There are 2 protein chains.
Amino acid sequence: MRRNAVLKPLPSEDDQAARFVRQREADRTAVAEDYVELIADLLRAEGEARAVDLARRMGVSQATVANTITRLQRDGLVETRPYRGLFLTEAGAELATRAKARHELVVRFLIAVGLDAETAEADAEGLEHHASEKALAAFARFLDAHNGKRR
Amino acid sequence: MRRNAVLKPLPSEDDQAARFVRQREADRTAVAEDYVELIADLLRAEGEARAVDLARRMGVSQATVANTITRLQRDGLVETRPYRGLFLTEAGAELATRAKARHELVVRFLIAVGLDAETAEADAEGLEHHASEKALAAFARFLDAHNGKRR
DNA sequence: TCCAAAACTTAGCCTAGGCTATAGAGTGAT
DNA sequence: ATCACTCTATAGCCTAGGCTAAGTTTTGGA
Ligand SMILES: [Mn+2]
Ligand SMILES: [Mn+2]
Ligand SMILES: [Mn+2]
Ligand SMILES: [Mn+2]
């Protein structure tokens, strides 16, 4: 049992800066990912995705949804037909598919490492946006191994 | 092998909204956590934490650091002695300690599930802010079990 | 057919967190 | 003691993402 381990030296300035820069980048894309994922879910489950429902499910005002949708339209992810709901473009649908797969993977991984399903769902909503491709691959490998042993 | 599993129904509006609200809350505290953690690291490793160095290590302009530090001061986490560097208040030091412990836990956990050390460090910088206490507890339990088997 | 309720939009406001450019202050080496 | 260099501060700007309040438009049920 090694107490007083050697103090880990600071990472290089550039390395550390790169990490924070990437983190900020992930934060910037998180809202778009959550919106398109939710729109896809609503289209599947309810047949339509209304801005009002988005607002309720995102825990945000209608005005905020309107603003956000404007940005998503500008970015070519969403189309609107007023009083008829929201729709995803090709790019939007593609992003939604990836977001959902990633979301599900993170949830299953969290459950596999011992988290209860409720908390897994809640935490995944934030964690998903910060797991790199390498991390997701590691999660998937872990799930494979875990299921191999267990199931 | 169960294909075509039953489609998971949407969570209730309130539950889902609560998740997103919590996620936004976590995002708002992330910057403060990263700053105080970095300030503590610099104080330990270099003996002082200068705003200039913060800027370099956060990958951000000096003006941005000045702005952020103003907020952290307003929130009672940081004190400044111009041309002498930054210091943590009681509350700041306490937050830094918790942030660092959490950061280390997340890194060790990611490595334990198969991620390389470099990526673990990078991803932890974002993931740490979205892991609930329950998730952290699960990570710690996993590490214990893992070390029990391995070491 | 009509009209109230629901859905959507718009205006105006705010904070966090970024930026560049420029000015000012302090330090330390000569 | 000076002064160049480093550090800090300030001004002015921007976008994302929130909000409330007050319209406007559409829809569908009576
Ligand atoms: Mn999410
Ligand atoms: Mn999600
Ligand atoms: Mn961080
Ligand atoms: Mn950290």
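Here is the naming used below: chain letters follow the sequence lines, and residue numbers restart at 1 for every chain. Because the structure is a prediction, the values reported are computed rather than measured.
Residues that satisfy the side chain to side chain contact (heavy atoms under 4.5 Å, CB included) test with Arg81(A), not counting sequence neighbours, are Arg84(A), Phe87(A).
Taking atom CG of residue Asp27(A) and atom P of nucleotide dG17(D), one finds them 10 Å apart after rounding to whole Å. We find that CE of Met58(B) is positioned 16 Å from C1' of dC19(C), with the value rounded to whole Å. dG17(C) atom P lies 9 Å from atom CZ of Arg28(B), rounded to whole Å. In this structure, Leu42(A) atom CG and dA7(C) atom P are separated by 13 Å, rounded to whole Å. Straight-line distance from the CZ atom of Arg74(B) to the C1' atom of dG17(C): 12 Å, rounded to whole Å. The interatomic distance linking Gln23(A) (CD) with dG17(C) (P) rounds to 11 Å, in whole Å. At whole-Å resolution of the value, CG in Leu72(B) and C1' in dG17(C) are 12 Å apart.
Within the 4.0 Å cut-off from OP1 or OP2 of dA7(C), not a single side-chain nitrogen or oxygen of Arg56(A) is found.
Looking at Arg108(A) and Glu104(A), no side-chain N of the basic residue comes within less than 4.0 Å of a carboxylate O on the acidic one, giving no salt bridge. Here Lys134(B) does not pair with Asp123(A) in a salt bridge; the nearest charged N to carboxylate O distance is not below 4.0 Å. Electrostatic pairing of Arg56(B) and Asp53(B) counts as a salt bridge here, judged by a charged N lying under 4.0 Å from a carboxylate O. Salt bridge absent: Arg22(A) and Glu25(A) never bring a charged side-chain N and a carboxylate O closer than 4.0 Å.
Taking OG1 of Thr80(B) as the start and CD of Gln73(B) as the end, the distance is 4.0 Å to the nearest 0.5 Å.
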Annotated protein contacts, base or backbone, on nucleotides 18-30 of chain D with a non-hydrogen cut-off under 4.0 Å, one of B, S, - each: SBB----BSS---

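Of the residues in residues 47-54 of chain A, Arg50(A), Ala51(A), Val52(A) come within less than 4.0 Å of DNA chain C through at least one heavy atom, sorted by number.
Ranked by how close their nearest DNA chain C nucleotide is to the 5' end, Ala30(B) and Gly85(A) are led by Gly85(A).
A continuous path of Ile, Leu, Val, Met, Phe, Trp and Tyr side chains, each step under 4.5 Å between heavy atoms, connects Phe139(B) with Leu143(B), placing both in one hydrophobic cluster. Placement of Leu95(B) and Leu127(B) in two distinct hydrophobic clusters is found when ILVMFWY residues are connected by side-chain heavy-atom separations under 4.5 Å, directly or transitively.
Glu121(B) and His103(B) are linked by a side-chain donor-acceptor pair at a separation below 3.5 angstrom, with hydrogens and angles left out of the test.
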